[in-house]
Each structure stands twice: as structure tokens, then as C-alpha cells.
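One-based numbering, in listed order, for ligands and for the atoms of each.
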Amino acid sequence: MNQTLFAQARELFPGGVNSPVRAFGAVGGTPRFITRAEGAHVWDADGVRRIDYVSSWGAIILGHADPGVVDVVRSAASLGTSYGAPTPAEIALAERIRAAIPSVERMRFTSSGTEAAMSAVRLARAHTGRTKILKFAGCYHGHIDALLTAAGSGVATMGLPGSAGVSPEATRDTLVAPYNDLGAVNELFDRYGDELAAVLVEPVAANMGLVLPAPGFLELLREQASAHEALLVFDEVITGFRVAPGGAQERYGVIPDLTCLGKVIGGGLPVGAFGGRADIMAQVAPDGPMYQAGTLSGNPLAMVAGAATLGRLTDRSVFDRLEQQTARLATGLAEAIDASPHAGRASVATLASLLTLFWTPQPPTSFAEAQAGDDEAFARFFHGLLDRGISLPPSPYEAWFVTLAHGEDEIEATLAAAGQALA
Ligand SMILES: *Cc1c(COP(=O)(O)O)cnc(C)c1O
């Protein structure tokens, strides 16, 4: 059935999919078409049930089809699915966000993380009157022309377009530094600091596999941005409400000027948000001259799904539980590697409810190190688990997303399957 559907889909969508990584390009084989999900499980078109670690790329944190979320979405839908006017629901979600992330004094909802990052860049340029942006190799901020720049090697690389169709002009003002490279950051600020509108970073990188910030890295970005009057923008689309209720900024104690959010804050419906200091947000239309808009922004179904999700995450014990389950999985995987013929060839990076099993001897600290991994070994491991009822993100450069629905049984089943696949 999956093969039939894939053939049909290929006649309709490029690669048969509506977002590239879903096509299994990095691992080969036929993508499984999902027809249903509940808790930690997804069912494919053949009725095969698997434990899911894609979790809608991190948008799902309570587990699939959480009854509380489904209930509020159902009720909201019966009251109308979109109005194009302000609603009480958007206030309720925004208040939850601001309570958890106090640096987000004012915010605006979008329909995706891409729009949030795009708007944050435009806002930083509007506020500073400057054009240059510093980003980091291996950090993903959505499919925005200016941010789709390949990671050049070397210390300070002017961004080159990383996709066909992006003009050199679009990335001309994008500087790229290696993640965690403090020397490169200092050099770039020495040279371009007074032309920089913003430094944009995933404070915990989760789009090159999970790569943690080195000690002092985020602190240095804060210090240099302030010294040069550039804005520090944290892209917390994954880390917001995932690595702590207040995101990476709470966990690491480094406070940005602007924050991008998405994924978890929509509870599985399409939402993004950007926000930050009130004086900066005053630049956004209609208060200020920076235009930004969206027909479905603040969509009532998405707002109630987000608020119901965040409501469950205000309890710190929830995060503790998520973290304990993930730590158990990470430790078990590291033990399984050690006990297998692959000892010394793979490693596990983890933080909160994120983890990546890298096919590198040590967890990487940069994109270049992550790219040195054995992609073929990953593909074999991926299919070994898929055949044993475990669905991993189909790329070596992704984080696995653990949810509250991943209990002891699911973790044990995953470890058993991983042990067999590794053997
Ligand atoms: C997923 C992601 C985005 C883009 O969000 P979309 O909703 O897919 O547009 C931006 N930044 C980060 C860090 C992400 O992980």
C-alpha cells in the first residue's frame, strides 16, 4: 500500500512529498504513509504500528492525538475555523508564552517557523537600519532566501546560496560562521560588527543532529551583539518549551533581544511566532513601519491547541519526566553501541527530550564534524529499526523527539530493537 501511494504521490508532488526529508532520500526505500497516530505510535497505510520519534519534527510533545488537545480543537472548530479578526484565544496563548519566556514582551503569531525567522530578520534590519546578518553553519531557520546559505569551511565565509533559485544578492548580506567557533565570532565582529543587524542562532542546534552550545558560545554572542548594537536573535522554534519551559534562554541564562518560536507552541497545528523587546516590536505594523501580515495568523484552532499544550507544560515535573525518559533512552543506546560491533564508531548526544545517535566516535560540536559521520551506517540502522517497529527521523542530521507518551514500555522496546539492529 505504501508503494502504491508513493507512486500516486510522485505524480502529484515533487519527490512524492510536501517537504523534502519525508521522501526517505537520505535512507532509501519507500516512505510510510501515515493514516493515524496516538500517543507514542503512528500507523501506516498497511496498518503497521510503530513507535514514533519524528513527532512531527518536534511539534508534538504531549504525544499524538492528546485527548486534551483534540477536545479543544474539536470545540473550537465547531465555532468556526478562521475569522480574520482578533480573538480571545490568541491572548490566552500569548500570555502563556510571555509567562514562560519573559524576554518576549510583545509578539506576533505567524503560520510557520519560516515566517517567524523571516520576520525577525526583517525586524532586526528595520530596527538597526543595517543589513548584514550573522548565522551559523548547520543551523536551519526555515526556507528563507537570505538564510539558505551553504556552510563554507574556514573561519569567516560570506554566504553562498545553498539552493537553486536563490540569487547571490539575497545572501550577499549573510555571514556564516562555524557553530561553536568563538574565534570566528570575534573575527567577524571585529570586521563587520558595526554593519550587523543581527546574530541569528539556534541556541541549541537541532538541525544538524543535536549539537549543544560550547561553554561561553552563547555568552559571547550576547556580549558581542550588545557591544556592537546588533540584535541577538534566538531561533527557539525547536528549543522553545522543549529544553525548558522558557527554552534555551532559560536553560543557559542568556537572554536574546528577539526570539522565534514554532513547533511545540502550536500543539501540532501550524503556528510560528516572533517576539521580544517591546521597543523593538514597536517597529512592526501597524505600530511601526515594518510590514508583516498573515491571513491565517493566530488561527483559532492552532491557538487553542497551543494553549492546551503549554498549559500541560507549566508543571516542571512534566519536564523532569520527559528528561528522565530521554536520559534512559540515551544511556541505553550508548550501552547498546558499546556492546555491539560498532563500539567506538557511534555516539549519542542528548539534552532534555532531544537526542541524536551520530555515526561519529564523539558527539559533534559543529556541522563539519557532524558531516563526517557514516551516512550509510545510519541508513542501515534506520531501516533496521523501521523493520522492528521504530520510526526514526529519516536523516542522520535530525534530532529524535521524545514525547510525554513515550513511557517505559516504548523506551524498552526501542532499546531492544536498537540492540538487535546494531548487532
Ligand atoms: C523547523 C524549524 C524552522 C522552520 O519552521 P517551519 O514551521 O518548518 O517553517 C525554523 N527554525 C528552526 C530552528 C526549525 O527547527
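Heavy atoms only, all atoms of each residue included: Tyr252 and Leu351 are closest at OH-CD2, 3.8 Å.
Ring-plane geometry between His228 and Phe189 is classed as tilted, the angle between the planes lying from 30 to 60 degrees on a 0 to 90 degree scale. Ring geometry, Tyr53 versus Trp400: the interplanar angle falls from 30° to 60°, so the pair is classed tilted.
Here the side chains of Phe109 and Val271 are in contact, with some heavy-atom distance below 4.5 Å. By the 4.5 Å heavy-atom criterion applied to side chains, Arg125 and Ile133 are counted as neighbours.
Of the N or O atoms in Ile238, none lie within a sub-3.5 Å distance of an N or O in ligand 1.
Less than 6.0 angstrom separates the ring centroid of Phe217 from the ring centroid of Phe136.
Numbered from 1 in the order shown, with element, the atoms of ligand 1 that lie under 4.0 Å from a heavy atom of Ser112 read 7 (O), 9 (O). If you number the atoms of ligand 1 from 1 as listed, the ones under 4.0 Å from a heavy atom of Asn207 come out as 12 (C), 13 (C), 14 (C), 15 (O). Close approach to Glu202 involves these atoms of ligand 1, each under 4.0 Å from a residue heavy atom: 13 (C).
Remark: Arg10 is positioned above the aromatic ring of Phe6, its terminal NZ or CZ atom under 6.0 angstrom from the ring centre and at most 45 degrees off the axis.
Considering each of Val271, Val201, Thr114, the one bringing a non-hydrogen atom nearest atom 9 (O) of ligand 1 is Thr114.
Contact annotation for His141 and ligand 1: only backbone heavy atoms (N, CA, C, O) come within less than 4.0 Å of the ligand.
Nearest to atom 11 (N) of ligand 1 among the protein's heavy atoms is Asp235 OD2, 2.7 Å. The single protein non-hydrogen atom nearest to atom 7 (O) of ligand 1 is Gly113 N, 2.9 Å, given as residue, atom name and distance.
Contact analysis puts Lys263 in contact with ligand 1, with a non-hydrogen atom separation below 4.0 angstrom.
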